[in-house]
Amino acid sequence: MKRFFAENSYTMVKLFIFQLAISIMGFVTATATLKLGVWSLLSSVFCTVVYLCLIWTVGYMEGQKDGIRIEAGRLKPFPAKFFIISLISNSINIVAGLLAFIFRACSNAPLTYVVENAEYSPEWAVNGHEIANLIARLLQAMYLGIINYVGKSNVILLLIIPLPAIIVTGFSYIAGVKYKDGFIKQNKPSSGKM
């Protein structure tokens, strides 16, 4: 496991930095379109698509590199490699979402909605939820418009939103290994014949 971290730490950090960059873009667009209803949703979908395309390219390029090594016999196939890398790079998101869920479950607040002006207790659970919720939403601000449209105070969404990134990078790596030579193989011209 130590070797796996050493070999893939750069990629894990790269995925997290891409997330932070798109999160800043998502926060700006979410703030700008907050009161515009469906535009908030559309800007969030746009930021999410850009983010998923960005991390797709990381997984795909690494898959192509590994595909060449696998074909040469220098590397054993490991299809789950980028699922694990993405899971580790999303670990902060997962922990923040899990803490928000646990603290919310420990309070007397419902998990999927919040009643305005209601008093929820115990105070430590409410405060813990607010901190974890804030961290999870800031780290994944590209999803803010989607979260607000689907269910603004639904804490279960914070557990689900890291999944698209994990799934996309995992499958992009597999596609990169499979299509290491590109999607279209050109036939070599035959000798002297057209």
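If you read the sequence from its start, that first residue is 1, and numbering goes on from there. Being a predicted model, the structure only gives us computed values, none of them experimental. Hydrogens, waters and symmetry mates are skipped; everything else that's a heavy atom, side chains included, is used.
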Worksheet item: Say you draw a straight line from CD1 of Ile166 to CD1 of Ile161; how long is it, rounded to the nearest 0.5 Å?
Response: 11.0 Å

Discussion item. With a 4.5 Å cut-off on side-chain heavy atoms, are Thr29 and Phe46 touching?
Written reply: no

Worksheet item: Val49 and Leu42: same hydrophobic cluster, using ILVMFWY side-chain contacts below 4.5 Å?
Response: no

Fill in: Side-chain touch Phe4/Ser9, heavy atoms, less than 4.5 angstrom
no

Discussion item. Can you tell me how far apart CG (Asn154) and CG (Leu159) are? Round to the nearest 0.5 Å.
Written reply: 9.5 Å

Discussion item. Quick check: is Val155 connected to Val150 through a chain of hydrophobic side chains (ILVMFWY, heavy atoms under 4.5 Å apart)?
Written reply: yes

Discussion item. For a quick check under 3.5 Å, do Gln19 and Asn93 share a side-chain donor-acceptor pair by atom type?
Written reply: yes

Worksheet item: What about the rings of Phe171 and Phe83, do their centers lie closer together than 6.0 Å?
Response: yes

Practice prompt. Verify the neighbour count for atom OH of Tyr120: are there more than 12 heavy atoms of other residues, nucleotides or ligands below 6.0 Å?
Written response: yes

Worksheet item: Taking only residues two or more places apart in sequence, or in another chain, which ones meet Glu130 in a side-chain hydrogen bond (donor to acceptor under 3.5 Å, both in side chains)?
Response: none

Worksheet item: Are Leu138 and Val50 connected, step by step, through hydrophobic side chains (Ile, Leu, Val, Met, Phe, Trp, Tyr) whose heavy atoms are closer than 4.5 Å?
Response: no

Worksheet entry | Shortest non-hydrogen separation from Asn133 to Ala100 and the atoms involved | N-CB, 3.9 Å

Response to the item:
For Phe16, the other hydrophobic cluster members (4.5 Å side-chain criterion, sorted by chain and number) are Leu20, Ile92, Ile131, Ile135, Leu139

Discussion item. Is there a path of hydrophobic side-chain contacts, each under 4.5 Å between heavy atoms, that joins Tyr143 and Met25?
Written reply: yes

Worksheet item: What residue among Lys81, Lys76, Arg74, Lys180 forms salt bridge (charged side-chain N to carboxylate O under 4.0 Å, His left out) with Asp66?
Response: Lys81

Item to complete: Mind checking the CZ-OG spacing from Phe82 to Ser89? Nearest 0.5 Å is all I need.
Response: 8.5 Å

Item to complete: May I have the step-by-step check of side chain to side chain contact (heavy atoms under 4.5 Å, CB included) for Tyr149 and Ser44, ending in yes or no?
Response: CA-CA 10 Å; Tyr149 189 79; Ser44 183; over 6 Å; no

Item to complete: Side-chain contact test, heavy atoms from C-beta onward, threshold under 4.5 Å: evaluate it for Tyr51 versus Pro164 and give yes or no.
Response: no

Practice prompt. Taking all non-hydrogen atoms of both residues into account, name the closest pair between Ser172 and Trp56 and its distance.
Written response: CB-CE3, 3.2 Å

Fill in: Rounded distance [0.5 Å steps], CD1 in Ile70 versus CG in Leu75
5.0 Å

Item to complete: Please report the shortest heavy-atom distance between Tyr173 and Phe78, naming the atom on each side.
Response: CE2-O, 3.6 Å

Discussion item. For the backbone of Val177 and the side chain of Gln64, can you confirm whether one donor and one acceptor N or O come within less than 3.5 Å of each other?
Written reply: no

Worksheet item: Distance-only, no hydrogens or angles: does the Ser23 side chain make a donor-acceptor pair with backbone N or O of Met142 under 3.5 Å?
Response: no

Worksheet item: Under the side chain to side chain contact (heavy atoms under 4.5 Å, CB included) criterion, do Leu158 and Phe101 qualify, and how do the steps go?
Response: CA-CA 8 Å; Leu158 295 178; Phe101 179 81; over 6 Å; no

Response to the item:
For Ile22 and Cys47, the nearest pair of non-hydrogen atoms, with its separation, is CG2-O, 3.5 Å

Worksheet item: Where is the tightest heavy-atom contact between Gly151 and Leu157, given as atom of each residue plus distance?
Response: O-CD1, 3.6 Å

Discussion item. As an exercise, state the distance from OG1 of Thr169 to CG of Leu54, rounded to the nearest 0.5 Å.
Written reply: 12.0 Å

Response to the item:
Residues Val126 and Ser107: closest non-hydrogen pair is CG2-CB, 4.1 Å

Worksheet entry | Heavy-atom side-chain proximity of Asn148 to Leu41 below 4.5 angstrom | no

Discussion item. Check for me, please, whether Leu111 and Ile102 land in the same ILVMFWY cluster - side-chain distances under 4.5 Å, paths through other members count.
Written reply: yes

Fill in: Main-chain N/O of Leu144 paired to Arg137 side chain as donor or acceptor, under 3.5 Å
no

Worksheet item: Do side-chain atoms of Asn90 reach the backbone of Pro162 as a donor and acceptor pair under 3.5 angstrom?
Response: no

Worksheet item: At what distance, to the nearest 0.5 angstrom, does CG of Leu15 lie from OG of Ser86?
Response: 6.0 Å

